[in-house]
Amino acid sequence: MTKALNGEEVAKKIAKKFPGSIAAADKAAVVVTSKSLYQVAEFLKNTRTLDFDYLTNLTAVDYTDYFEVVYHLISLRHNHSVVLKARCYDRDKPAVPSVVSLWRAADFQEREAYDLMGIIFEGHPNLKRLLLWEGFVGHPLRRDYL
Amino acid sequence: MAIRTEPFILNMGPQHPSTHGVLRLRVTLDGEVVTDVELVMGYLHRGIEKLGENRTYAQIIPLTDRLDYVASMTNNFAYVLAVEKLAGIEVPERAEYLRIIMAEMMRIANHLMAVGFFLNDLGAMMTPVLYMWREREKLLDLFEMVCGQRLTYNYMRIGGVSHDIPEEFLPALKRFVAEMPGFIDEYDRLLSQNEVLLARTKGVGILPKDTAINTAASGPVLRASDVKWDIRRADPYSIYDRFDFEIPVGTVGDCYDRYWVRMQEMRQSVRILEQAIAQLPEGEACAKVPQLLRPPVGEVYGHIEAPKGELGFHLVSDNSIAPYRFHIRAPTLINMTALKDMAIGWKVADLIIILGSIDVCLGEIDR
C-alpha cells in the first residue's frame, strides 16, 4: 500500500530547510508559497529519505479567489506519496515556477494547465497550448469562463 | 563540392492510419532518420473535464466511457472508485468481484487490440490482428451480455455495478478462461520468435529506466523498462490484495519488451479471472446510494492500473451535486512525453512501431 505521508510532518522538514516557504499544511497536503515551489520540489526529489522520483499527476484548481496548482508525488523506491500545492492570487497573471527540469512528466501536464486554466509556468521550455488551437481566446476550465 | 542539405519536415497525421486516431506528429527528418518529433494534439478535444463540472456525479460515468474507448470498463472503474473514496461509500462484496472480473476482461481485450495493431504497424497487415480479434470478439459478446453494449459500457455505478450478471454469463466466461491460455500460446508460437518481429523490434525505441520514471511513464511502457511498478500491487485498490498474480517486467525497454509485457499480462489476467470466478460470492450488486450524491467538501485523487497505465481522477467537491473540479490523469498522454526519446535516431518506419508500442488512444489524450 502506498503510504500517504502526513503533510504536517513533511512541512516541518521543509520549513527547517527553507524557513518561510510553507503557506499552510494539513494532514493531506503541503501548501508552499509559489516563490519557493521550485526549491521545495527539488528538495523533495533529491532528499534520500523522501526520494520523490515520480510526478504522477499535476493539475490546477480555480477557487475564484486564487488558483491552486496541485502536484501528486510518489516515491517508487519507498512507495510513499505526498500532495504538494502552490497558490497564485494574481488572476490576470497567475504564475508558478515550472518543474519540467526536475520531472519531465510535467511537460505536457503544465502545458495542459496553461491551456485550460491559464497558469503560467515560468521556465517551461515550450509553454504553448496543448489541446486547444493557437488562436483560442480564454481558458475554459476557469470558473468565470462560460 | 559539398552538397547542401536541409532538414525535412514531415507531418504524420492527423489523418493517417498509423497514428491510431487523430494524432499529428511533426517529424523533422535527416534523410530517413528522425531527428525531432513534436506532438500536436487536441483534434478530438471535447472538453470532458468542463462537461463533468456541469453534471452530477452519476451522470459523469458515461462521459468516462468516451476517454479510452478501447477500455471503457476500466475508465468507469477508476472514476467510481474515486467518487467512493471521496464520499466514503462501501461497496458490496459481489460488486467488488464483478468489477475485478470486468476490469481484467477489459485488460485482455485491450492488450489483444494493442498487440494486434502493433503488428499491423509492423506491416503484418491484418493477419495477426484478426487472430486477436477472434478472442476480443468473445469478450465483447460477454460485455454485451452484462450491459448491452460492446464499446461504451457504462456498467459501473457509484456503489457497485448497474445490474447483476445474467445466468449465461458465468458459463461463457469459464469457457473463455479455459480456452484463453491455449490461444495465447498460439499467438506466442505465431509471433514471439518470428524473425521479422525480432528484427524490427529488438533494441528499437529503447526507453531507459530512469527516463521512464522521470517522464512518469506507466503501465506496460514503464514495466517494459524494468520497473516493477503495478498499482494493483503497489497501492492495491478494490480487492486486488486477495489475488495471486505476477508482475511481468521487461529487461531493456525496447519495443519487443513492451510487446512481451502485454502478452504476459494477458496470462496474468486470466489467472486473476480464474480466482475471481472461484471466489465470487452471492449478494447485492449495488449499494444504496442517493441519486443526487453530495460528497463532503474535500478533494481526492484516485488511481488505478488501467490497461494503458495509471488512470487517475482528481475530484474536488464543494458539497454540491456536481464536482467542483474534475481532472483526468490520462496514461497515454503522459506516456507520450517520452516518445521523442524513443524515436530520435530511428527511421520513419520505426517511429510508427514505436508509437504503436506505446498503445495510444486519442479519446484519452485529447479528452
Side-chain angles (χ1 to χ4, degrees), chain A residues 1-4 26 28-29 45 51-64 67-68 70-77 79-81 83 85 100-113 115-117 126 128-134 136 139-143 145-146, chain B residues 38-47 49-54 209-218 222 227-229 231 233-237 241 298-301 303 309-316 318 324-331 333-338 340-341 365-367:
Chain A
M1 204 76 185
T2 304
K3 187 172 169 254
D26 58 15
K45 189 188 173 207
D51 199 21
F52 287 103
D53 50 1
Y54 194 87
L55 171 66
T56 178
N57 181 46
L58 190 164
T59 184
V61 188
D62 179 5
Y63 287 105
T64 58
F67 290 101
E68 196 167 76
V70 187
Y71 303 79
H72 287 93
L73 296 167
I74 296 183
S75 163
L76 297 193
R77 187 188 304 150
N79 197 4
H80 60 212
S81 66
V83 183
K85 292 178 178 179
V100 174
S101 51
L102 295 172
W103 299 283
R104 280 182 49 209
D107 188 350
F108 286 162
Q109 305 195 66
E110 285 185 351
R111 278 180 64 189
E112 187 192 341
D115 185 1
L116 303 176
M117 199 66 95
N126 181 28
K128 53 183 195 184
R129 287 189 185 273
L130 183 76
L131 298 173
L132 300 169
W133 58 96
E134 273 157 37
F136 193 89
H139 303 285
L141 281 182
R142 288 190 175 187
R143 299 301 290 191
Y145 184 97
L146 295 168
Chain B
E38 195 197 339
L39 283 122
V40 185
M41 49 190 114
Y43 295 93
L44 202 63
H45 182 59
R46 294 146 292 170
E49 291 183 6
K50 187 79 178 173
L51 287 172
E53 286 167 16
N54 293 298
K209 191 174 178 171
D210 45 342
T211 314
I213 294 173
N214 197 255
T215 55
S218 54
L222 178 67
V227 183
K228 209 168 182 152
W229 182 263
I231 298 166
R233 211 15 94 58
D235 190 14
Y237 50 91
D241 46 357
E299 66 175 273
V300 75
Y301 176 69
H303 59 175
E310 176 183 343
L311 175 64
F313 284 92
H314 178 245
L315 297 168
V316 180
D318 61 348
Y324 185 78
R325 176 82 172 93
F326 170 61
H327 174 73
I328 305 152
R329 188 251 191 234
L333 170 71
I334 295 161
N335 285 352
M336 294 291 262
T337 314
K340 204 169 153 176
D341 301 67
I365 292 177
D366 291 347
R367 278 156 291 152

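Numbered from 1 within each chain, the chains take letters A, B, ... in sequence-line order.
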### Query
Considering only heavy atoms, which portion of B:I231 lies under 4.5 Å from any heavy atom of chain A: side chain, backbone, both, or neither?
neither
### Query
Can you say whether A:K3 sits under 4.5 Å from chain B via the side chain, the backbone, both, or neither, judging by heavy atoms?
neither
### Query
Is atom NZ of B:K340 surrounded by more than 12 heavy atoms (other residues, nucleotides or ligands) closer than 6.0 Å?
no
### Message
I'd like to know if the side chain of B:N214 reaches the main chain of A:L102, judged simply by a donor and an acceptor atom lying under 3.5 Å from each other, with no hydrogens or angles considered.
### Response
yes
### Query
Between B:H314 and A:H72, is the gap from one ring center to the other below 6.0 Å?
yes
### Query
Is there a donor-acceptor contact under 3.5 Å from the side chain of B:R329 to the main chain of A:T56?
yes
### Task
Return the orientation label for the B:W229 and A:Y54 ring planes: parallel under 30°, perpendicular over 60°, tilted otherwise.
tilted
### Query
Taking C-beta and beyond as the side chain, do B:D235 and A:I74 meet within less than 4.5 Å on heavy atoms?
no
### Query
Taking atom types as modelled, is there a side-chain donor on A:N57 or B:H327 under 3.5 Å from an acceptor on the other?
yes
### Task
Please confirm whether the backbone N or O of A:Y63 pairs with a side-chain atom of B:R325, one donor and one acceptor, at under 3.5 Å?
no
### Message
Taking the six-membered ring of B:Y324 as reference, does the cationic atom of A:R143 (NZ for Lys, CZ for Arg) lie under 6.0 Å from its centre and within 45° of its axis?
### Response
yes
### Task
Supply the atom-to-atom distance B:E299 CD to A:T59 OG1, rounded to the nearest 0.5 angstrom.
9.5 Å
### Task
Identify which part of A:L76 has an atom lying under 4.5 Å from any heavy atom of chain B, answering side chain, backbone, both or neither.
both
### Proximal component of B:E310, with respect to chain A [non-hydrogen, under 4.5 Å]
side chain
### Message
Side chains of A:E112 and B:E49, heavy atoms from C-beta outward: is any pair under 4.5 Å?
### Response
yes
## Note on the structure
For A:Y145 and B:K50 the tightest heavy-atom approach is O-NZ, 3.3 Å
